[in-house]
Amino acid sequence: MSKILITSALPYINGVKHLGNLAGSMLPADVYARAMRLMGHEVLYICATDEHGTPAELAAQAAEVEVAAYCEQMHEAQKAAGEQFKLSYDYFGRSSAPSNHALTQHFAHVLEEKGLIEERVSQQVYSNADGRFLPDRYVEGTCPNCEFEKARGDQCDNCGKLLDPIDLIDPYSAVSGSKDVEVRDTNHLYLKQSVLSDDLRKWVNASEGWPPLASSIALKWLDEGLRDRSITRDLSWGIPVTNKDGSIRKGFEGKVFYVWFDAPIEYIAATQDWAAENKTEWESWWRTDKGADDVQYVQFMGKDNVAFHTLSFPTTIIGSGEPWKLVDQLKAFNWVTWYGGKFSTSEKRGVFMDQALDIAPSDYWRWHLIANAPESSDAAFTWEEFQASVNSDLANVLGNFVNRITKYAAGKFDGKVPAGGENGEAEDWLVKELETRIPQLISYYEAREFRKAMAETRAIWAAGNEYLTQAAPWTHYKTDVDQAAVGVRAGLNLVVLFGILAQPIIPDAAEKILAAMNIPEGNRTWNFGGAESIAQLIDALPVGLEIGAPDVLFTKIEDSDIEAWTERFGGGQ
RNA sequence: GGUGAGGUAGCUCAGCUGGUUAGAGCGCAGGACUCAUAAUCCUGAGGUCGUGAGUUCAAGUCUCACUCUCACUACCA
C-alpha cells in the first residue's frame with residue numbers, strides 16, 4: 001500500500017464545463033482514484049475551481065453580479081455537477097480561498113528573497129470606456145497583415161499570424177467595442193524562470209511515466225529557452241500583491257497575482273483546507289521533510305495545461321528552496337472533439353455537464369468517455385458511438401449478463417446460491433481467462449492506460465457470456481440439476497466480480513449489482529492476490545446466500561433519442 | 001511562420017526498440033442457442049497503414065519532402 005496524491009486540472013469558473021473538460025482530466029482522475037482506493041492505497045484526490053482572471057470578471061459583469069458572488073454561485077454549480085457525475089474528490093476547493101491567498105503570497109515572498117522575482121515595466125492596452133487594462137486577446141482591430149477587420153490582439157483568426165495588440169489598425173475593446181483605447185506603462189512582477197532552466201531540464205529528463213505528449217511539450221519550451229513570465233495582472237479580483245506584513249506592495253494597488261501563478265498553488269491550499277475540515281494534517285502529502293517523499297503524486301490535465309504543470313509550477317516549487325513535493329507522474333490528454341470539430345456554445349454544438357445528466361445517467365457518460373478517452377490523439381464524440389457504447393457494452397454485455405443469470409437463479413434455484421456439482425472444462429476455461437485478464441486489467445489501471453483498461457473490462461464481461469454459453473445450465477437442468485448448479489453458482493460469482501470491477505467506472509450500476517447480491521461494503525475491494533485467489537473467485541459466495549435480481553441496469557438508447565439530441569445539441573454536418 | 005502531437009478497416013481506435021498471412025470494438029453478412037434487456041455465442045467479409053521518394057535482406061514502424069487535422073507559441077485560461 002502506498003500514498004497516492006491525485007490532482008486534476010482546476011476547471012475554470014466561468015460556467016459549467018463541457019464533456020471535453022470532464023473527459024480530459026476530472027473523470028480519468030476520478031476513475032484512477034477509485035481504482036487505487038479499491039486496491040488498498042491511501043488516496044487523496046484534490047480538485048478546485050480556478051476563479052481568478054479576466055474572463056471571471058467579465059462573466060460576472062455580464063451576469064450583473066459581484067465577482068465574488070458570481071464565483072460563489074458558479075463554484076456551487078460546478079461542485080453539484082461533479083457530485084452528480086460521481087466525481088469522488090476528497091476535497092473540492094476554491095482558488096479564491098483564504099488559504100490560497102496566504103500560500104500564494106508566501107511563495108511570492110520566498111521567491112523574491114531568492115532573487116527569482118523582479119519588477120519590470122511593460123506596455124499594455126488600456127480601455128478608458130471599460131476602465132480596465134485589456135489582455136491582448138480582448139483587443140480587436142484590423143489585421144496589419146491581411147486587413148481582416150476582427151483580428152484579435154494576440155493572433156489573427158483569418159490569416160493565422162501572431163500579432164501584438166499595438167500593431168492592430170483601429171484597435172477597439174472587445175469588451176465594450178469602444179475605440180477609446182491607449183497604450184499605458186504598467187509595472188509587474190516577473191518570475192525569472194530562465195534562471196532555473198537547467199534544474200528544470202534535469203528534472204524533466206529524470207521523469208518517468210509521463211506520456212510523450214507531456215515530456216515533448218516541456219522539452220520544447222526548454223529548447224526554445226525559457227523566458228521570464230509576468231506573474232501579476234492589472235485586475236481587482238484575485239490575490240493581492242502584499243509585503244510580508246500583509247500591507248499592499250507599493251505600486252501594486254489594483255493589481256493581483258496572475259491566475260496561472262495562484263491556480264496550481266491551490267492544489268496545496270485545498271489540501272490544507274481538506275485537512276482543516278477533517279481535523280487531520282496535510283504536510284505528509286506535500287512536505288518532503290514531513291513524509292511526502294513516500295507519496296506518489298499524479299497530475300491529470302489537458303494538453304493545453306502541460307507547460308504550466310511541467311515548467312511554471314515546478315519553477316515556483318523548486319525556486320522556493322523549500323521542501324515541497326513535486327509531481328511524479330502526469331497524465332496529459334488531448335481533446336474530445338464534437339464530430340471532429342470544436343465544441344461551441346454559440347453554435348449549439350456540444351453538451352455541457354449539467355445538460356448531459358438531463359438526458360442520460362452519469363454511468364452512461366462515464367463509461368463512454370473513459371472507454372474512448374483522448375489518450376493518444378483527439379477523440380471524436382458522436383451520438384452514434386455513444387449509443388453503441390451504452391447499448392452494446394453496458395446494456396447487452398454487462399446488463400444482460402447480470403439479468404439472465406440472476407433471473408435464472410431466482411426461477412430455478414429459489415434465488416439462492418446453489419450447492420452441488422463439480423467444476424469441469426467450462427470452469428477451467430473461465431479461470432484461465434480470469435487469470436490472464438485480471439492482472440492485465442490491474443496493470444492497465446496502474447499505468448493509467450484507460451482505453452485499454454476499459455477494453456479489458458469489457459472482455460471480462462464478454463467472457464462471462466461466453467462461459468454461460470459453454471456451461472449452458474438451462475440444458476443440463478433437464479437431466480442433471482447438480483451440473484446446472486455449477487454454472488449458476490459460477491455465474492452468480494461472476495456477477496459479483498463484475499460489480500466489483502465496475503466500481504471505478506460506473507459506480508451507480510456497480511452499487512446496484514453488489515447490493516442486489518448482498519455483498520457487504522467490506523467485501524468489495526480488489527484483493528486479487530495470486531492465481532489461487534483468482535481461481536477461487538468463481539466459487540467465493542457462500543452456498544445458500546440469498547441473492548436478488550436487480551432491476552434492468554441500463555435502458556437502451558433508442559434511435560429516436562439520438563434524433564432528438566442531435567436536434568437539441570447538434571451533431572454531424 | 002515556428003514547435004509538438006496525430007493521419008491505420010464504413011465508424012472509433014490498438015500496433016514497444018523495423019521481422020512471417022496488419023489487430024480490437026462497433027457496424028455489416030451467415031450460422032448456433034433459447035436462461036436473458038429481439039439479448040448472447042461462433043464464423044466470415046472488409047485495409048495499396050495521408051502522398052511521394054529514400055535507407056535496409058526486410059518499413060505501418062527509420063530518414064527526407066509534401067499534404068491535412070489539432071494543440072501550444074509565454075497578457076485567454
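Lettering follows sequence order; numbering is per chain, from 1.
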Let me have RNA chain B in dot-bracket notation, would you? Count Watson-Crick plus G-U wobble pairs, both distances under 3.5 Å, and use [ ] for pairs crossing earlier ones and | for inter-strand partners.
(((((((..((((.....[...)))).(((((.......))))).....(((((..]....))))))))))))....
Check RNA chain B against residues 461-480 of chain A and give the residues with a non-hydrogen atom under 4.0 Å, in numerical order.
A/Ala462, A/Asn465, A/Glu466, A/Thr469, A/Trp474
Ordered by number, residues from residues 48-59 of chain A within less than 4.0 Å of RNA chain B (heavy atoms) are A/Asp50, A/Gly53, A/Thr54, A/Pro55
Show which side-chain atoms of residues 401-416 of chain A pair as donor or acceptor with protein atoms under 3.5 Å away, not counting sequence neighbours.
unit_1   : atom_1 : unit_2   : atom_2 : d
A/Asn403 : OD1    : A/Lys407 : NZ     : 3.2
A/Arg404 : NH1    : A/Asn465 : OD1    : 2.8
A/Thr406 : OG1    : A/Val402 : O      : 2.5
A/Thr406 : OG1    : A/Asn403 : O      : 3.3

Record whether the side chain of A/Ser122 comes under 3.5 Å of the base of B/C75 through a donor-acceptor pair of N or O atoms.
yes
Does A/Asn403 get its side chain close enough to the base of B/A36, under 3.5 Å, for a donor-acceptor pair?
no
Report, as yes or no, whether the 6.0 Å neighbourhood of atom CD on A/Gln123 holds more than 12 heavy atoms from other residues, nucleotides or ligands.
yes
What is the nucleic acid contact for A/Phe133, judged by heavy atoms within less than 4.0 Å: base, sugar-phosphate only, or nothing?
nothing
If you look at every strand shown and take non-hydrogen atoms under 4.0 Å, does A/Leu10 touch a base, only sugar-phosphate, or nothing?
nothing
Can you check nucleotides 23-27 of chain B for protein contacts, nitrogen or oxygen pairs under 3.5 Å, and list what you find?
unit_1 : atom_1 : unit_2   : atom_2 : d
B/G25  : O3'    : A/Arg458 : NH2    : 3.1
B/C26  : OP1    : A/Arg458 : NH2    : 2.8

Show each protein N/O and nucleotides 3-8 of chain B N/O combination with a separation under 3.5 Å, one pair to a line.
unit_1 : atom_1 : unit_2   : atom_2 : d
B/G4   : O2'    : A/Ser216 : OG     : 3.2

In whole Å, measure the gap between the C1' atoms of B/A59 and B/G18 for me.
6 Å
